[in-house]
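First the structure, in the form of structure tokens, and then the observations on it.
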Amino acid sequence: MVKSLTISLIALIIMKNLNMTIIGLSFLTIMSMEATSVVMKKVEFNGLYSMDLVMGMMITLTLFVSFLSYLSSAKIARKSSFNLVIISISIVLVMSFSVSSFFLFFFFFESVLGPLLLLILGWGYQPERLQAGGYMLIYTVFGSLFFLWGVSELYMSGVSSSMSSVSGMVKKSAMSLWWLYILGFLIKLPMYPFHLWLPKAHVEAPVAGSMLLAGVVLKLGGYGLLRLMMVMQVSLSSLVFVLLLMINLVGGFYAGLGCVRQVDLKCLVAYSSVAHMSLVLLGVLSNTVLGVVGAIIIMIGHGLCSSGLFSYVNSIYKSSHSRLLVMNKGGLLTCPSLVIMCFLLSSSNMAAPPSLNLFGEILIFGVSGWMSGAFLFILGLMSFISACFSLYLYGSCSHGKGLMYMDSLSMSSVCDVFVLVVHWLPLNFLFMFMP
């Protein structure tokens with residue numbers, strides 16, 4: 001399956017015609033969904049074989065978001081150089097989720113920075129994109145070096161470098177710095193306070209870069225952490241573990257508070273990603289079946305929801321030419337179709353039923369209550385603030401008096417509405433096809 005997907009992606013590089021590229025990406029997305037459905041029928045979620053299911057879901061999410069990000073960039077997608085960068089990012093992401101070796105995963109984990117940085121620098125909006133690219137490069141590369149160090153220590157202690165098999169006993173000396181080994185994943189998620197690179201990268205990136213970054217690239221952190229935790233023995237009662245989770249949850253709540261104070265639409269959606277990824281980190285580090293399942297569901301749901309919200313922000317940006325909230329009021333008067341999709345995506349962002357985020361948060365709430373009552377209380381506050389900034393986003397863009405110079409109903413193109421609908425449908429109905 002992986003070889004056929006990779007060959008198909010490489011074949012798309014030579015397609016310079018817009019219609020042929022769209023048809024090819026559509027076929028590729030449908031083929032990956034079919035392959036994933038076969039995996040979901042054959043694999044049960046227990047033990048080590050559950051990782052095959054996760055791999056299939058992440059590959060499908062990668063191709064799905066890549067296809068939708070291409071449609072959202074219709075104006076610049078006619079350039080062959082832009083197509084090459086998008087397809088390069090997709091290939092590297094698919095290979096990252098496909099490899100079974102920690103060392104190969106590290107290679108592709110870092111390789112995605114190259115085309116992503118090129119996308120930000122080449123098609124970014126402002127001169128500050130150089131600073132944003134530098135922040136992203138320094139943060140992620142610095143943290144990944146500790147991951148490489150940790151994998152080397154585990155390999156030298158007798159643990160196989162394969163993700164699908166665990167052999168040998170891990171020495172306690174190799175596990176004493178486990179919190180340092182996962183630093184690269186904490187930055188990639190990102191976890192508070194290692195999140196400063198994310199809003200800068202989102203603000204300066206084009207819409208395709210923001211959709212890929214929020215929809216798929218951030219999931220590399222959760223996926224890699226999930227794989228690494230399979231071979232690491234971490235005590236749930238250790239001081240470092242409790243302190244890490246407490247900083248994570250408090251930081252997620254603080255990021256949610258920061259969302260309701262944002263005046264930039266892209267920054268608001270970016271900070272909401274920090275709040276949601278803190279739930280993923282709690283589920284993965286809990287080292288329980290319910291926690292891991294909840295984290296995977298939230299990763300899939302957040303990948304679809306955040307990508308859709310960035311596409312919506314781009315749609316209204318094309319009309320007002322501004323990302324400020326005060327410049328994008330009155331959406332009900334100018335474009336009701338986009339407002340409907342904004343409401344649906346915002347409700348899914350606050351984990352309203354029947355979205356995937358709801359099912360994932362229910363599992364995370366159960367695990368946090370089992371771990372500590374303090375964790376459950378902070379999660380309750382996070383859930384409340386999540387509803388606040390989601391309603392803040394919808395109310396600020398939909399109600400009020402719009403500006404006179406904004407374009408009329410023509411701003412809602414069929415392609416924009418189609419992209420938002422395709423984001424929302426699997427986000428709310430994918431649970432019907434889960435095993």
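Model, not experiment: these values are computed from the prediction. Residue numbers run from 1 in the order of the sequence given.
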Does the side chain of [Y] come within less than 4.5 Å of [X]'s, by heavy atoms?
X    : Y    : result
L183 : L145 : no
L265 : I316 : yes
F103 : L148 : yes
V326 : V263 : no
L281 : Y192 : no
V207 : S210 : no
Y312 : D416 : no
K188 : F109 : yes

Using 30° and 60° as the class limits, which term best fits the ring planes of [X] and [Y]: parallel, tilted or perpendicular?
X    : Y    : result
H276 : H302 : tilted
F185 : F105 : tilted
F82  : W123 : perpendicular
W178 : F241 : tilted
W149 : F146 : tilted

Main-chain N/O of [Y] paired with [X] side-chain donor or acceptor, under 3.5 Å:
X    : Y    : answer
N248 : S278 : yes
S96  : V92  : yes
S311 : L420 : no
S347 : F343 : yes
S272 : V269 : yes
S69  : S66  : yes
N314 : F310 : no
R261 : G258 : no

I need the minimum non-hydrogen distance between [X] and [Y], along with the two atoms involved.
X    : Y    : value
L356 : I297 : O-CG2, 3.1 Å
S348 : S355 : O-OG, 3.8 Å
G283 : I364 : CA-CD1, 3.6 Å
N349 : S390 : ND2-OG, 3.2 Å
A208 : I86  : CB-CD1, 3.8 Å
S337 : V417 : OG-CG2, 3.9 Å

Aromatic centroids of Y139 and F194 separated by under 6.0 Å:
no
For the atom pair [atom1] ([X]) and [atom2] ([Y]), what is the distance rounded to the nearest 0.5 Å?
X    : Y    : atom1 : atom2 : value
M55  : Y223 : CE    : OH    : 6.5 Å
L245 : M191 : CG    : CE    : 8.0 Å
T62  : K219 : OG1   : NZ    : 10.0 Å
S88  : L116 : OG    : CG    : 11.5 Å
L93  : M58  : CG    : CE    : 11.5 Å
C342 : L332 : SG    : CG    : 9.5 Å

Run Y392 and C259 through side chain to side chain contact (heavy atoms under 4.5 Å, CB included) and show every step you take.
CA-CA 9 Å; Y392 173 64; C259 287; over 6 Å; no
Flag yes if more than 12 heavy atoms outside Y135 fall under 6.0 Å of its OH atom; otherwise flag no.
no
Verify the distance criterion only: is there a donor paired with an acceptor across the side chains of S306 and S273 at less than 3.5 Å?
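Note: S306 and S273 side chains miss the donor-acceptor criterion.
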Between the side chains of S320 and S322, is a donor N or O closer than 3.5 angstrom to an acceptor N or O?
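The criterion, which ignores hydrogens and geometry beyond distance, is not satisfied for S322 and S320.
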Apply side chain to side chain contact (heavy atoms under 4.5 Å, CB included) to the pair F106 and V151, showing each step before the final yes or no.
CA-CA 9 Å; F106 170 79; V151 171; over 6 Å; no
I would like to know whether F64 and L304 meet side chain to side chain contact (heavy atoms under 4.5 Å, CB included); could you show each step before the answer?
CA-CA 9 Å; F64 191 74; L304 295 170; 3.7 Å; yes
Please lay out, stage by stage, how W424 and M341 fare under the test side chain to side chain contact (heavy atoms under 4.5 Å, CB included).
CA-CA 8 Å; W424 182 78; M341 296 313 304; 3.9 Å; yes
